[in-house]
Amino acid sequence: MHAWPASEVPALPGKGRDLQIHDTATQGTITLAPGPVARIYVCGITPYDATHIGHAATYNAFDLVQRVWLDTKRQVLYVQNVTDVDDPLLERALRDNKDWTELAESETALFREDMTALRMLPPQHYIGAVEAIPGIVPLVERLRDAGAAYELDGDVYFSVESDPNFGKVSNLDAEAMRLLSAERGGDPDRAGKKNPLDPMLWMAARPGEPSWDGASLGRGRPGWHIECVAIALDHLGMTFDIQGGGSDLAFPHHEMGASHAQVLTGEFPMAKAYVHAGMVALHGEKMSKSKGNLVFVSALRRAGVDPAAIRLALLSHHYRADWEWTDDVLAEAVARLERWRAAVSRPDGIAADALVEEVREALANDLDAPAALAAVDRWVELQIATDGDDESAPGLVSRTVDALLGVAL
Ligand code: 5CA
Ligand code: ZN
């Protein structure tokens, strides 16, 4: 699959800082020291509805990660999937009397447009579940042959008990895991499973549903977790720097993925840091496609909202916080964008070298975007109130905000 066009990232003077980031697995902040090529996998959308502000907030967090790494002069190898076949997509297509492939294609196209408008850096490998099937089948066969998977009425399940490290990504107790499994695509109550938490690796073909050749597995379609493992191992290998997503992916998705990879490779963890963004709510509840309480990026754009203002609204919350989208959040971002643009449109101003360092420091400290915005706000206030004569300052501030925050002034 093709991704979307990259916006240019200006180079900044001086030296970038290494990223310290909160890791869900070790429940603490770690300093990542990637090699010359930093490797990141971010779970992509299930394309049955348009990109909402919650998705955008999560992708914003991982866009900042890349900007911090690029500022340290590293290259970034970024992989993202598209879950372009899964139960919710097929159910929505059936409900709306649409062809499921057309639904997936049109929503993925809209996602690309939204990501481009928001200046999110594109992945180098943007891979659909369907196109990953030839790589998924042999992995499931290997898990089965290693005794880590078993068959139940033609479906193939992963046995969580085959992984000695199971549970070490999300750190939840058994009851919490069971509840979340039922909520998030698992089937803990299905009779005949060895452990209620065991996730499906391969679903045997169902009448009226799409299916693919699964070699010795028979016709069917892949489970959700093995999809991301296959794509990540294929394009990044083991022990990459970050696996990212919203906090609703910590369990079961990232836990199960780490388990699949552990049994396949004998190594743990698959990612050096498991990074999770908080959930954005609307009207007091998590924004979600299934509940329908959504604010779409594309709808805001159609209503004439500047994508840079949407981006500033996302940046005004720490990525790990759960927060609520309101009209005020957007109004504040629109006003801030206006102030910042007025400040950098002056021909000269207040020296900004210290500001570059402040923004760098804020982001390197677990992506503290609100602190970065506060630093820019302080410069903007001074710039508007005082008569500075540094001719390079407005340009430097624009480049800093562009390179590190993805906002074009
Ligand atoms: N295709 C899978 C990942 S492999 C999936 O979860 N797709 S999704 O479309 O449901 O979500 C895409 C990303 O947006 C995930 O990282 C998810 O955690 C995140 N996300 C979904 N809802 C919200 C929300 N309300 N706030 C913040 N992030 C969210
Ligand atoms: Zn995923």
Side-chain angles (χ1 to χ4, degrees), residues 42-62 80-118 120 128-129 179-189 208-210 224 227 244-253 276-305 307 309-311 313-314 316-317 319 321-331 333:
V42 180
C43 284
I45 53 162
T46 305
Y48 67 89
D49 215 335
T51 323
H52 60 65
I53 287 291
H55 299 135
T58 289
Y59 295 110
N60 178 57
F62 299 101
Q80 190 181 128
N81 68 305
V82 186
T83 307
D84 58 0
V85 63
D86 202 5
D87 293 342
L89 174 73
L90 299 175
E91 282 159 16
R92 178 62 62 94
L94 200 64
R95 188 196 82 177
D96 296 351
N97 204 13
K98 282 189 181 153
D99 177 90
W100 67 274
T101 53
E102 276 168 29
L103 177 63
E105 269 169 36
S106 62
E107 296 303 348
T108 306
L110 189 56
F111 177 71
R112 290 189 188 97
E113 279 175 29
D114 289 335
M115 292 295 106
T116 309
L118 292 173
M120 305 283 181
L179 285 172
L180 289 175
S181 161
E183 240 176 66
R184 299 177 181 164
D187 54 3
D189 297 325
E209 287 192 359
W224 173 31
E227 164 195 341
S247 56
D248 57 345
L249 296 190
F251 191 89
H253 189 50
H276 294 111
M279 289 291 117
V280 182
L282 182 72
H283 307 140
E285 266 197 283
K286 176 195 159 186
M287 237 185 237
S288 76
K289 289 180 276 206
S290 48
K291 289 200 203 93
N293 57 334
L294 306 170
V295 174
F296 294 121
V297 172
S298 47
L300 292 175
R301 292 199 287 122
R302 266 200 310 277
V305 179
I310 303 175
R311 183 102 195 210
L314 305 176
S316 68
H317 297 86
Y319 82 97
D322 294 327
W323 56 280
E324 170 106 11
W325 176 264
T326 62
D327 291 344
D328 285 351
V329 170
L330 183 58

Working to the nearest 0.5 Å, report the span between [atom1] of [X] and [atom2] of [Y].
| X | Y | atom1 | atom2 | value |
| --- | --- | --- | --- | --- |
| Tyr48 | Asp96 | OH | CG | 11.5 Å |
| His276 | Tyr319 | NE2 | OH | 10.0 Å |
| Thr108 | Ile45 | OG1 | CD1 | 5.0 Å |
| Trp325 | His317 | CH2 | NE2 | 9.0 Å |
| Asn60 | Met115 | CG | CE | 9.0 Å |
| Met120 | Leu314 | CE | CG | 6.0 Å |

So which heavy atom on [X] is nearest to which on [Y], and how close?
| X | Y | value |
| --- | --- | --- |
| Thr58 | Gly278 | OG1-O, 4.4 Å |
| Pro188 | Ser181 | CD-OG, 3.5 Å |
| Glu227 | Asn81 | OE2-ND2, 2.8 Å |
| Pro307 | Leu118 | O-CD2, 3.6 Å |
| Asn293 | Lys286 | ND2-O, 3.2 Å |
| Asp84 | Trp100 | O-CZ3, 3.3 Å |

Practice prompt. Look only at the side chain of Arg184 and the backbone of Asp248, and say whether a donor-acceptor pair between them is shorter than 3.5 Å.
Written response: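 Here the side-chain-to-backbone pair exists.
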Discussion item. Tell me if a side-chain donor or acceptor on Glu324 pairs with a main-chain N or O of Val280 at a distance below 3.5 Å.
Written reply: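 Checking the backbone N and O of Val280 against the side chain of Glu324, no donor-acceptor pair under 3.5 Å is found.
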Worksheet item: Between Thr326 and Val329, is any pair of side-chain heavy atoms under 4.5 Å apart?
Response: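 In contact.
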Item to complete: Take Leu103 and Leu89 through the test side chain to side chain contact (heavy atoms under 4.5 Å, CB included) and record every step on the way to the result.
Response: CA-CA 8 Å; Leu103 177 63; Leu89 174 73; 3.8 Å; yes
Discussion item. Run Ile310 and Ile53 through side chain to side chain contact (heavy atoms under 4.5 Å, CB included) and show every step you take.
Written reply: CA-CA 9 Å; Ile310 303 175; Ile53 287 291; 3.9 Å; yes
Item to complete: Could you give me the CA-CA distance, side-chain angles and deciding distance for His55 and His52, then say whether side chain to side chain contact (heavy atoms under 4.5 Å, CB included) is met?
Response: CA-CA 5 Å; His55 299 135; His52 60 65; 3.2 Å; yes
Practice prompt. If the plane angle is over 60° it's perpendicular, under 30° parallel, otherwise tilted; pick one for Phe111 and Tyr59.
Written response: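 It falls in the perpendicular class, over 60°.
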Discussion item. Under the criterion side chain to side chain contact (heavy atoms under 4.5 Å, CB included), I'd like the reasoning laid out for Phe296 against Asp114: C-alpha separation, chi angles, the key distance, then a yes or no.
Written reply: CA-CA 9 Å; Phe296 294 121; Asp114 289 335; over 6 Å; no
Discussion item. Check this for me: Lys291, atom NZ, are more than 12 non-hydrogen atoms of other residues, nucleotides or ligands nearer than 6.0 Å?
Written reply: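 Yes - once you tally the heavy atoms of other residues, nucleotides and ligands closer than 6.0 Å, there are more than 12.
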Discussion item. Taking atom CG as the centre, does Asp99 end up with more than 12 heavy-atom neighbours from other residues, nucleotides or ligands that are less than 6.0 angstrom away?
Written reply: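 Correct, the count exceeds 12.
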